[in-house]
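Okay, so here's the structure we're looking at.
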Amino acid sequence: MASARKPVIVRKFSRDWCAGYAEAAFGQEDAELEILDLTGKVLRIAWDQVKWVCYVRDFPASSTDSANPERLLHKKFSTRPRTTGVWLRMTLTDGDEIEGLAANDLSLVSGAGLLLTPPDTRSNTQRIYVPRQAMQSLELVSLIGAGGRKRGTAEDAPENQPGLFSSEPDLL
């Protein structure tokens, strides 16, 4: 059974971050993001301070991870992704650029932010939520569709299509 709260790392524009647990389906209907930090305190962060919210596998264990707790080593795809979705490139209001795959649905044009799959799916970060007010520009790089298209078969051909060869051989 899925947990009601997910482990997240919230990166702010001030470059500091906080780790904790956020509701699985939070939105920006509220004026602030509410997370339960690792000590059990409820933190409220205004959405205009949030750069992104990273859903992570685990929290940083050592002080060496304090500079990059999300462990986002790759912010851009090195090759075309193979997963289906919309490949997006965005520039945030602080000038930072990030790429990711988003679902090809109405959340691209409506909603308070975008949920992206990061370029390196083996890193600590599984998903990134970027609030709309944190985006300066958004560029659609490519639409990556599902596997191969289904091709028509001979049974699907219209009846009035002429054949290339007659059914009876010509005898000379």
Side-chain angles (χ1 to χ4, degrees), residues 2-38 41-60 64-146:
S3 172
R5 293 191 177 263
K6 302 292 183 188
V8 296
I9 293 177
V10 180
R11 175 69 71 170
K12 299 178 187 176
F13 282 110
S14 60
R15 295 290 182 198
D16 62 335
W17 57 274
C18 30
Y21 296 91
E23 291 291 327
F26 62 83
Q28 285 183 284
E29 295 82 29
D30 300 327
E32 4 181 69
L33 169 65
E34 185 177 292
I35 66 168
L36 181 67
D37 75 354
L38 301 178
K41 295 180 188 175
V42 175
L43 298 176
R44 289 182 174 86
I45 306 165
W47 280 110
D48 60 351
Q49 296 177 0
V50 175
K51 182 175 181 176
W52 59 52
V53 179
C54 291
Y55 290 90
V56 294
R57 287 184 171 83
D58 58 2
F59 296 115
T64 58
D65 288 342
S66 65
N68 189 11
E70 306 98 331
R71 294 185 216 133
L72 278 173
L73 302 177
H74 304 286
K75 293 183 183 178
K76 295 186 175 191
F77 289 102
S78 56
T79 60
R80 179 183 166 97
R82 289 189 244 165
T83 310
T84 61
V86 180
W87 179 3
L88 299 173
R89 180 179 299 134
M90 62 184 71
T91 304
L92 304 177
T93 55
D94 67 347
D96 203 1
E97 286 189 356
I98 189 166
E99 291 183 1
L101 280 176
N104 189 10
D105 59 12
L106 285 177
S107 68
L108 291 172
V109 293
S110 64
L114 290 175
L115 188 64
L116 304 172
T117 302
D120 188 7
T121 56
R122 295 170 298 191
S123 71
N124 189 37
T125 300
Q126 295 177 319
R127 298 277 188 271
I128 303 172
Y129 178 80
V130 182
R132 291 220 187 260
Q133 58 207 31
M135 297 178 214
Q136 180 179 355
S137 67
L138 179 66
E139 176 185 354
L140 188 138
V141 178
S142 179
L143 175 64
I144 302 167

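Numbers for residues simply follow the sequence, beginning at 1.
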Where the side chain of [X] meets the backbone of [Y], is there a donor-acceptor pair that is under 3.5 Å apart?
{"X": "Asp48", "Y": "Gln133", "answer": "no"}
{"X": "Arg57", "Y": "Ser123", "answer": "yes"}
{"X": "Tyr21", "Y": "Asp37", "answer": "no"}
{"X": "Glu99", "Y": "Phe77", "answer": "yes"}

Looking at [X] and [Y], what are the two nearest heavy atoms and their distance?
{"X": "Thr125", "Y": "Ile128", "value": "CG2-CG1, 3.7 Å"}
{"X": "Met135", "Y": "Val130", "value": "CE-O, 3.5 Å"}
{"X": "Gln49", "Y": "Ile45", "value": "OE1-CG2, 3.8 Å"}
{"X": "Pro118", "Y": "Gln126", "value": "CD-O, 3.2 Å"}
{"X": "Leu108", "Y": "Ala102", "value": "CD2-CB, 3.9 Å"}
{"X": "Asp96", "Y": "Arg15", "value": "OD2-NH1, 4.4 Å"}

Taking the side chain as everything from C-beta on, heavy atoms only, tell me whether [X] gets closer than 4.5 Å to [Y].
{"X": "Leu43", "Y": "Cys18", "answer": "yes"}
{"X": "Leu116", "Y": "Tyr129", "answer": "no"}
{"X": "Val50", "Y": "Phe13", "answer": "no"}
{"X": "Thr117", "Y": "Thr83", "answer": "no"}
{"X": "Leu114", "Y": "Leu138", "answer": "yes"}
{"X": "Trp87", "Y": "Leu143", "answer": "no"}
{"X": "Phe59", "Y": "Leu38", "answer": "yes"}
{"X": "Arg80", "Y": "Ser142", "answer": "yes"}

### Task
Kindly compute the distance separating CE (Met90) from CZ (Arg132), expressed to the nearest 0.5 Å.
8.5 Å
### Message
How long is the straight-line distance from NZ of Lys12 back to CH2 of Trp17, given to the nearest 0.5 Å?
### Response
11.5 Å
So, [X] and [Y], do they make that salt bridge, N to O below 4.0 Å?
{"X": "Glu23", "Y": "Arg5", "result": "yes"}
{"X": "Glu34", "Y": "Arg44", "result": "yes"}
{"X": "Glu97", "Y": "Arg89", "result": "no"}
{"X": "Asp16", "Y": "Arg11", "result": "no"}

### Message
Applying side-chain contact (heavy atoms from CB on, under 4.5 Å) to Val8 and Val56, what does each step give before you reach the verdict?
### Response
CA-CA 6 Å; Val8 296; Val56 294; 5.9 Å; no
### Message
Please enumerate all residues that pass side-chain contact (heavy atoms from CB on, under 4.5 Å) together with Val109, with sequence neighbours excluded.
### Response
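Once residues adjacent in sequence are excluded, the partners of Val109 under the side-chain contact (heavy atoms from CB on, under 4.5 Å) criterion are Leu106.
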### Within residues 108-123 or reaching into it, pairs that qualify as salt bridge (charged side-chain N to carboxylate O under 4.0 Å, His left out) - sequence neighbours excluded
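Those involving residues 108-123 are Asp120-Arg122.
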